Amino acid sequence: MIELLYMNVTMFENAELFDKCMSLISSDRKEKIKKLTNPAPARLSLGAGILLRLAMEKCGCADHLNNIKYGKFGKPYFENLDFHFSLSHSGEYVICVYSDTPVGADLQRIKEKLPLHTNKILSCEEKEYLNDQNQSDPVNLFFQLWAKKESLIKWDGRGLRLPLHQLSFVSNNTVCNTILFQNKKLYFHDITILMPEYALCICSDNEIHLDHCIEITEKFLTNY
């Protein structure tokens, strides 16, 4: 089982809705948000907290919301629960992917141009593939590759301690949706239809069959 919740956090420009949702998230996240002076990161963090709560409600374990723990390298998890999740945000969107097995997910807003420095992100094979003159949209492809790599390191839990340029998703001039990572086969699922201006990828060590993609709207939260 793998499911996805997502939202556009501009809805939290509504101060009344912001305050209402602040009362619904974990105490730990609430304290972190209160320390943020920039409203944009505060809205993103609040969105992540709300999506996590809703995901746990769907799985019948919302009473554990305040029991979150963090691994050695900062990966959040819940002890003794068959509930695994991954949060990501970019631009004005937040996602929460959750499953009964370990999962990683990443969201990247697709920009108009490539970043100036890609050597720390792309492998040699990926750079060659990206520079191929037959590529119709190298910028979009770059962000898709980046989202794949970020979803893997979130699944793994060690963050950027895994050098991105040592991970390659191009083989025989083809972008791969499975790779062998530390003797384990990992599966990747790209989602492009929900938010066309974003690259979104999910990573799992099981074949990915996405059961539901649900947008959480302002109307839903107002009536929650």
Side-chain angles (χ1 to χ4, degrees), residues 1-109 150-151 153-161 195 198 200 202-204 211-224:
M1 178 275 288
I2 296 181
E3 298 191 347
L4 165 70
L5 301 178
Y6 68 104
M7 68 159 61
N8 185 317
V9 300
T10 56
M11 69 175 77
F12 294 130
E13 292 173 3
N14 179 331
E16 184 177 347
L17 183 63
F18 186 98
D19 291 340
K20 175 183 179 179
C21 289
M22 279 287 283
S23 69
L24 301 173
I25 60 177
S26 69
S27 55
D28 180 53
R29 183 174 291 273
K30 191 181 302 180
E31 290 306 309
K32 290 179 180 178
I33 292 174
K34 288 179 179 178
K35 295 176 183 178
L36 296 174
T37 56
N38 188 326
R43 290 193 291 266
L44 290 167
S45 185
L46 177 58
I50 286 293
L51 293 186
L52 179 58
R53 178 192 177 95
L54 294 175
M56 296 184 76
E57 284 184 354
K58 288 178 176 292
C59 295
C61 58
D63 53 333
H64 292 273
L65 184 63
N66 284 309
N67 299 335
I68 195 164
K69 296 184 180 298
Y70 296 90
K72 180 179 178 181
F73 300 109
K75 182 178 181 178
Y77 71 97
F78 292 95
E79 203 168 43
N80 302 320
L81 281 184
D82 290 328
F83 176 85
H84 301 265
F85 70 98
S86 185
L87 300 167
S88 184
H89 62 76
S90 185
E92 297 172 339
Y93 278 90
V94 177
I95 62 170
C96 175
V97 174
Y98 59 102
S99 177
D100 51 3
T101 59
V103 66
D106 188 64
L107 183 69
Q108 295 285 339
R109 188 172 191 172
E150 292 283 355
S151 70
I153 65 176
K154 289 183 178 182
W155 171 88
D156 177 80
R158 283 175 286 172
L160 292 176
R161 291 165 183 80
M195 296 162 277
Y198 292 77
L200 195 172
I202 300 171
C203 170
S204 174
D211 297 308
H212 296 100
C213 296
I214 301 173
E215 182 177 13
I216 304 303
T217 64
E218 182 172 357
K219 181 179 180 180
F220 173 85
L221 290 177
T222 300
N223 297 325
Y224 179 77

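Nothing fancy with the numbering, it's 1 onward along the sequence. Everything numeric here is computed off the predicted structure, so don't read it as measured data.
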message: Can you confirm whether more than 12 heavy atoms, excluding those of Lys75, are under 6.0 Å from its NZ atom?
response: yes
message: Once rounded to the nearest 0.5 Å, what's the spacing between atom SG of Cys59 and atom CG of Asp82?
response: 10.0 Å
- line: Which of Phe78, Tyr77, Tyr98 passes ring-ring contact (aromatic ring centres under 6.0 Å, His included) with Phe85? Answer is Phe78
- prompt: Once the angle between the rings of Tyr93 and Tyr198 is folded into 0 to 90°, is it parallel (under 30°), tilted (30 to 60°) or perpendicular (over 60°)?
  reply: perpendicular
task: For residues Cys21 and Phe12, report the shortest heavy-atom separation together with the two atoms involved.
output: SG-CE2, 3.6 Å
task: Apply side-chain contact (heavy atoms from CB on, under 4.5 Å) to the pair Met22 and Leu46, showing each step before the final yes or no.
output: CA-CA 7 Å; Met22 279 287 283; Leu46 177 58; 4.1 Å; yes
message: How long is the straight-line distance from CG of Asp106 back to OG of Ser86, given to the nearest 0.5 Å?
response: 7.5 Å
Lys/Arg N to Asp/Glu carboxylate O, Glu57 vs Arg53, below 4.0 Å: yes
- prompt: Stepwise, does the side-chain hydrogen bond (donor to acceptor under 3.5 Å, both in side chains) test hold for Thr10 with Asn8?
  reply: CA-CA 6 Å; Thr10 56; Asn8 185 317; 2.7 Å; yes
- request: Identify the heavy atoms of Gly49 and Ile25 that sit nearest to each other, and give their distance.
  value: C-CG2, 3.6 Å
task: Might you work through the side-chain contact (heavy atoms from CB on, under 4.5 Å) test for Leu4 and Leu200, ending with a clear yes or no?
output: CA-CA 11 Å; Leu4 165 70; Leu200 195 172; 4.2 Å; yes
- prompt: What is the minimum heavy-atom distance between Ala105 and Val97, and which atoms define it?
  reply: CB-CG2, 3.5 Å
- request: Using modelled atom types only, decide if a donor and an acceptor are shared between the side chain of Lys154 and the backbone of Cys203 within a distance under 3.5 Å.
  value: no
- prompt: Can you name the nearest heavy-atom pair linking Met11 to Leu17, along with the distance?
  reply: O-CD2, 3.8 Å
By side-chain contact (heavy atoms from CB on, under 4.5 Å) - contacts of Asp211 (at least two apart): Met1, Glu3
- prompt: Could you give the distance from OG (Ser99) to CZ (Phe83), rounded to the nearest 0.5 Å?
  reply: 9.5 Å
field: Chi angles and distances behind the side-chain contact (heavy atoms from CB on, under 4.5 Å) call for Thr101, Val103
entry: CA-CA 6 Å; Thr101 59; Val103 66; 5.9 Å; no
query: Counting only heavy atoms not in Asn14, do more than 12 sit closer than 6.0 Å to its CG atom?
result: yes
- prompt: Side chains of Phe220 and Leu54: closer than 4.5 Å at any heavy-atom pair?
  reply: yes
task: Verify side-chain contact (heavy atoms from CB on, under 4.5 Å) between Phe18 and Val9, making sure each step is shown before the conclusion.
output: CA-CA 10 Å; Phe18 186 98; Val9 300; over 6 Å; no
- prompt: Any idea which heavy atoms bring Gly91 and Leu44 closest together, and the distance?
  reply: O-CD2, 3.8 Å
- request: Heavy atoms only: give me the nearest Met195-Leu107 pair and the separation to one decimal.
  value: CE-CD1, 4.1 Å
Check: Ser45 side chain, Ile33 main-chain N or O, donor-acceptor pair, under 3.5 Å: no
- prompt: Checking Ser26 side chain against Leu65 main chain: does a donor-acceptor pair fall under 3.5 Å?
  reply: no
message: Rounded at 0.5 Å granularity, tell me how far CD1 in Ile68 sits from OG in Ser27.
response: 10.5 Å
message: Nearest 0.5 angstrom please: Leu24 CG to Leu52 CG, how far?
response: 12.5 Å
- request: Working to the nearest 0.5 Å, report the span between CE of Met7 and OG1 of Thr217.
  value: 9.0 Å
